[in-house]
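Reading through the structure tokens given below for one structure.
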Amino acid sequence: MTAPSARPPLDGITVIDFSELLPGPFFTQSLAELGARVIKIERPPLGDNARSLGMGAFEAVNRGKHSLLVDLKDEAQREKVRDLLATADVLVESYRPGVMARLGLDAASLRETCPRLVYVSLSGYGQTGPWADLPGHDINYLAAAGVLAVSGAPGGGPAQSFGLPVADLCGAMYALSSTLAALFQRQGTGRGQHLDVSLADCALHWMNPRLGAYREAGASTLEAQRETTLVKAGYGAFRCRDGRYLSVAALEDHFWRRLCAALDLAPFDGEAHGSHKARKPVAEAINRRIAEVLEGMDADDAFELLRRNDVPVAPVVEPAQLAALPQFALRGKFEQGTVMPAVRYPVPMTGVVAGGLGVAPALGSALV
């Protein structure tokens, strides 16, 4: 159990956060959960646009922060912001490239007065390149990075949604890891640096495992690439008799054998289909057979049967059921929010408060 007096990992770190909407606030929310003091700079009169788009989402990524209303077009208020930055460790901004430079708050302008500052620019396509000024949202960055092309069912069009804003959250996590590395590096150099975090670049980096699989398979066409990674025997979400779904992932040969021991998967349960390579050409037929069997069982019964046989299986849990799921409830993963339960920082660490950060800040006072 964490000692009450233990200091959080980022105790003493001050973050000035100019970001809005999702990627930047999700990133700085993690910094706050790790113990940093996050001062959220909001534009008057309404603040972060996420406040008007949906308070539930705003609250989820702004808990534990301090809010300050600042008119960055006012030179006197910009000067007060510079005073804040003189004692800060991290600056986070998510404007289009060039905006902070016009305000005199870009990394180059602050380097002399704030040499230890880790300056994080989060943008869709980065600070350079022909698309640097192109507006976008999550689906655009996934499309540019090749992720969207290899989504969806083989033979069809790309999936338009993954259920989560993958590029936004991927970029937020790269911003987090890179910032922590920069703070660590600063201990030796005494200097901060400018981190140019592109959401499209980050999603592109996540494509590496797929690109490796395509090279190995010699999959040069889009259809072959989809076939390589999307069609897997013994892998998928299957509907059960009660209308609920189970996810099954019996990819490795030993898990496949255990799946065959639990379910009647004839004619695919013999030696002829004992290897992953042998199952690949008939993957769709195998998955149809699994679907047939599970359609005759209730989800709870099928889950327990496969669990007893040590098969990778999990129910498809709906968002409204997450907080009550014993696996998460017993691990204390939720704190109560004003809209719905919020998930705490997922990795237990010394000094990270188990009780969470509470609610998001009300719109802050003006900077005078």
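All values below come from the heavy atoms of this structure, side chains included, with hydrogens, waters and symmetry mates left out.
Two residues are said to be in side-chain contact when any heavy atoms from C-beta on lie closer than 4.5 Å; Leu103 and Val81 fail this criterion. In this structure the side chain of Val15 never reaches within 4.5 angstrom of the side chain of Leu10, judged on heavy atoms. A heavy-atom distance below 4.5 Å is not found between the side chains of Thr113 and Arg82. Proximity of Leu46 to Arg51: side-chain heavy atoms (C-beta onward) are nowhere separated by under 4.5 Å. Residues Val343 and Phe334 have side chains in contact (heavy-atom distance under 4.5 Å, counting atoms from C-beta outward). Side-chain contact between Glu93 and Val99 is absent, with no heavy-atom pair separated by less than 4.5 Å. In this structure, the side chains of Asp133 and Pro97 come closer than 4.5 Å at one or more pairs of heavy atoms. Within the 4.5 Å cutoff, the side chain of Asp301 has no heavy atoms near those of the Leu305 side chain.
The distance from the CD atom of Glu20 to the CD atom of Glu42 is 7.5 Å, given to the nearest 0.5 Å. To the nearest 0.5 Å, atoms CG (Asp83) and CD (Glu79) are separated by 5.5 Å. Rounding to the nearest 0.5 angstrom, the gap separating the CZ atom in Phe255 from the OH atom in Tyr235 is 12.5 Å. Note that CD of Glu295 and CD1 of Ile290 are 12.0 Å apart. Values are rounded to the nearest 0.5 Å.
Other residues, nucleotides and ligands contribute only 12 or fewer heavy atoms inside 6.0 Å of the CD atom of Glu271. Other residues, nucleotides and ligands place more than 12 heavy atoms under 6.0 Å from the CD atom of Glu75. Remark: His66 NE2 is packed, more than 12 non-hydrogen atoms of other residues, nucleotides or ligands lying under 6.0 Å away.
Side chain of Asp138 to main chain of Asp168: a donor-acceptor pair is present (N/O by atom type, distance under 3.5 Å, no hydrogens or angles). At distances below 3.5 Å, at least one donor-acceptor pair connects side-chain atoms of Arg344 with backbone N or O atoms of Gly332. Side chain of Lys333 to main chain of Pro346: a donor-acceptor pair is present (N/O by atom type, distance under 3.5 Å, no hydrogens or angles). Between the side chain of Asp89 and the backbone N or O of Val118, no donor-acceptor pair lies under 3.5 Å. With Ser19 contributing its side chain and Val92 its backbone, the two residues share no donor-acceptor pair below 3.5 Å. Although no hydrogens or angles enter the test, the distance criterion places no donor-acceptor pair under 3.5 Å between the side chain of Arg37 and the main chain of Thr14. Between the Asp269 side chain and the Cys260 main chain, no donor and acceptor come within less than 3.5 Å of each other. Checking side-chain atoms of Arg289 against main-chain N and O of Ala266 turns up a donor-acceptor pair under 3.5 Å. Within the 3.5 Å criterion, the main-chain N or O of Ser94 finds no donor-acceptor partner in the side chain of Ser123. When atom types are taken as modelled, the side chain of Asn287 and the backbone of Gly234 share a donor-acceptor pair closer than 3.5 angstrom.
Taking all atoms of both residues into account, the shortest heavy-atom contact from Ala175 to Val120 is CB-CG1, 4.4 Å. Of all heavy-atom pairs spanning Gln29 and Ala60, the tightest one is OE1-O, 3.4 Å.
Transitive grouping of hydrophobic side chains (ILVMFWY, heavy atoms separated by less than 4.5 Å) keeps Leu230 and Val147 in distinct clusters. If you chain together hydrophobic residues whose side chains sit under 4.5 Å apart, Met349 and Leu31 fall into the same group.
Ion pairing of Arg244 with Asp298 is absent here, as no side-chain N (NZ or NE/NH1/NH2) approaches a carboxylate O to less than 4.0 Å. Here Lys280 does not pair with Glu227 in a salt bridge; the nearest charged N to carboxylate O distance is not below 4.0 Å.
Applying the salt bridge (Lys or Arg N to Asp or Glu O under 4.0 Å) definition to pairs two or more places apart or across chains, none involves residues 193-209. Every pair tested for ring pair (Phe, Tyr, Trp, His ring centres under 6.0 Å) that includes a residue from residues 7-65 fails, sequence neighbours excluded, so the list is empty.
Below 30°, between 30° and 60°, or above 60°: for Tyr174 and Trp206 the angle between ring planes is between 30° and 60°, a tilted geometry.
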